[in-house]
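Quick notes on the structure that follows.
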Protein chains: 2
Amino acid sequence: MRLSTKGRYGLKAMFDLALNDGSGPISLGTIAERQGISIHYLEQLVSPLRKAGLLKSVRGAQGGYLLAKQPSEISVREILELLEGSLAPASCVTDGENSCDHSDFCVSRMIYDRIYESINEVVDNISLQDMLDEQYRNLQDSIPDMKNN
Amino acid sequence: MRLSTKGRYGLKAMFDLALNDGSGPISLGTIAERQGISIHYLEQLVSPLRKAGLLKSVRGAQGGYLLAKQPSEISVREILELLEGSLAPASCVTDGENSCDHSDFCVSRMIYDRIYESINEVVDNISLQDMLDEQYRNLQDSIPDMKNN
DNA sequence: CTAATTCCTAGTTATTTACTTGGAATTCGT
DNA sequence: ACGAATTCCAAGTAAATAACTAGGAATTAG
C-alpha cells in the first residue's frame, strides 16, 4: 500500500513550485537539486502533470515550469491520481464488476470501497495552498526566526 | 497504492474460515479451490496468520485451519497488516524521523499521516463478524431464496 | 550563435510480487 | 502398522513493476 516515488516526488515538485509561485518559471534542474531527485526522472513525472493542465512550461533558456492554476485550485488528489493512477486499494473498485469473481458476494470489495473513499476524502480536501499554510505554521512554531525563508 | 494478492487472498481465506466457523478444521485445499488460489501460495499466507494467533491449525489427515478467536474479535486491520506490513502510504510514517530528509519540513508527511489514519480508521472498525453480517445482508437483499446457502 | 532549457523515445537495472518445487513431519482412518 | 491427507518449512524462479539512465531533437533568452 505504498505510494511510489512517482507520486511522492511529483507531489514534492508541485509543492516546490507552489512555494515559488509568482517568481517566474523554475527549471527542473533547480527542483531536482533542491529535492534530491534525478532531473531526467523528474521530467517523466512532470510531463503528465503538464499534459493534464496542472502546470505550464516555458521552453528554452531561462525556461522552466510554473503552476497553471492557483495553489488553492490544485488538490493533492489530482496530483497523486495523475502519477499513481487511481488510489484504489484493489482494481475491482474502479474497474467495475468484471474483475471480481463474486464468489463471496464481494464483501471484500465493500471494504476496498470504504478504504478508497476514506483516502479520497483526505486527498480531495488538501490543496497546495493548504500545504503552504501548513508549512508556514510549521516554520512559525518551530523556528520563529526563519519566517522569512 | 494497491493491496497485493497476499492481503487480498489472505482476507478471502480468513473470511472463508469465518463463514465455516464452528464446523471443525477446513483444509487449505478446500479453501484454495473455493477461492481459486494456489494451495502452496495459500500456505505462505496462512503461516504468518497462524504464528500471530489469528488462526489455529490441526495437522494430519482431516486436519486444517480454524479461527483462533471469535469472528468479532478479528479485525480486517490485523489481517491486512500481518500480510502487507503497515498500511502506511510512505515509509516515513512508520519509520520515525530518520527516513525523511526534512527539506520541506515534511508537509508531505503530514499528508501521508492523514491518509494512514483514515485507512486505519476504516480497517480497524471492520471485523470478520461485520463481514459475515454484510454477507448475510447481501444475500437477503439480492436473492431472498438463497438465505440457506 | 550558444548555452540552457523543455520535450520525447527508448533502453536498462533493481526490486518486488506471485507464485512453484520438493520434501519432511504429523495424524486420522482402516 | 500403513497409507493418504494434511500441515509445515525452505528454496528457487518467472513475471511484472518501479526506478531510473541515455541520447538527442526542438526551442528560446541573451
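Below, each value reflects all heavy atoms present in this structure, side chains not excepted, and no hydrogens, waters or symmetry copies.
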>> If the cut-off is 4.0 Å, is A:Ser57 near the phosphate of C:dT5, judged by side-chain N/O to OP1 or OP2?
In response: no

> Expressed in angstrom and rounded to an integer, what is the separation of B:Arg2 atom CZ from D:dA16 atom C1'?
Replying inline: 14 Å

>> Measure CG/A:Leu45 against P/C:dC7 and give the value in whole Å, please.
In response: 14 Å

For residues 15-26 of chain A, tabulate all N or O donor-acceptor pairs below 3.5 Å that involve a side-chain atom, not counting sequence neighbours.
| residue | atom | partner | partner atom | Å |
| --- | --- | --- | --- | --- |
| A:Asp16 | OD1 | A:Asn20 | ND2 | 3.0 |
| A:Asp16 | OD1 | A:Arg34 | NE | 3.4 |
| A:Asp16 | OD1 | A:Arg34 | NH2 | 2.8 |
| A:Asp16 | OD2 | A:Arg34 | NE | 2.9 |
| A:Asp16 | OD2 | A:Gln35 | NE2 | 2.8 |
| A:Asn20 | ND2 | A:Asp16 | O | 2.8 |
| A:Ser23 | OG | A:Asn20 | O | 2.8 |

>> Side chain of B:Ala61, heavy atoms from C-beta onward: which of D:dC8, D:dA4, D:dA29 has the nearest atom to it?
In response: D:dA4

> More than 12 heavy atoms of other residues, nucleotides or ligands under 6.0 Å from CD of A:Glu43: is that the case?
Replying inline: yes

>> Expressed as a whole number of angstroms, how long is the span from A:Leu83:CG to D:dC20:P?
In response: 14 Å

>> Can you say whether a donor on the side chain of B:Arg59 sits under 3.5 Å from an acceptor on the base of D:dT7, or the other way round?
In response: yes

>> With a 6.0 Å cut-off (strictly less than), is the heavy-atom count around CD of A:Glu33, excluding the residue itself, greater than 12?
In response: no

> What one-letter contact string describes nucleotides 8-20 of chain C from 5' to 3', where B marks a base within less than 4.0 Å of any protein heavy atom, S marks contact via sugar-phosphate atoms alone, and - marks no contact?
Replying inline: B-B-------BBB

>> For a quick check of understanding: with a heavy-atom distance under 4.0 Å over all strands, which category does B:Val58 fall into, base, sugar-phosphate or nothing?
In response: sugar-phosphate

>> Any non-hydrogen side-chain atom of B:Pro48 less than 4.5 Å from a side-chain atom of B:Leu83?
In response: yes

>> Tell me the interatomic distance from A:Ile26, atom CD1, to C:dA4, atom C1', rounded to whole angstroms.
In response: 15 Å

> Do the non-hydrogen side-chain atoms of A:Arg114 and B:Ile126 ever get within less than 4.5 Å of each other?
Replying inline: yes

> Roughly, in whole Å, what's the span from CG in B:Leu42 to C1' in D:dT6?
Replying inline: 14 Å

> Just checking A:Gly29: base, sugar-phosphate only, or nothing, at a heavy-atom cut-off of under 4.0 Å?
Replying inline: nothing

>> For A:Lys69, is there an ion pair with A:Glu78 - N to carboxylate O distance below 4.0 angstrom?
In response: yes

>> Could you tell me if A:Ser127 and A:Glu73 have a donor-acceptor pair between their side chains, going purely by distance under 3.5 Å?
In response: no

>> Rounding to an integer number of Å, can you tell me how far B:Tyr65 OH sits from D:dT6 C1'?
In response: 9 Å

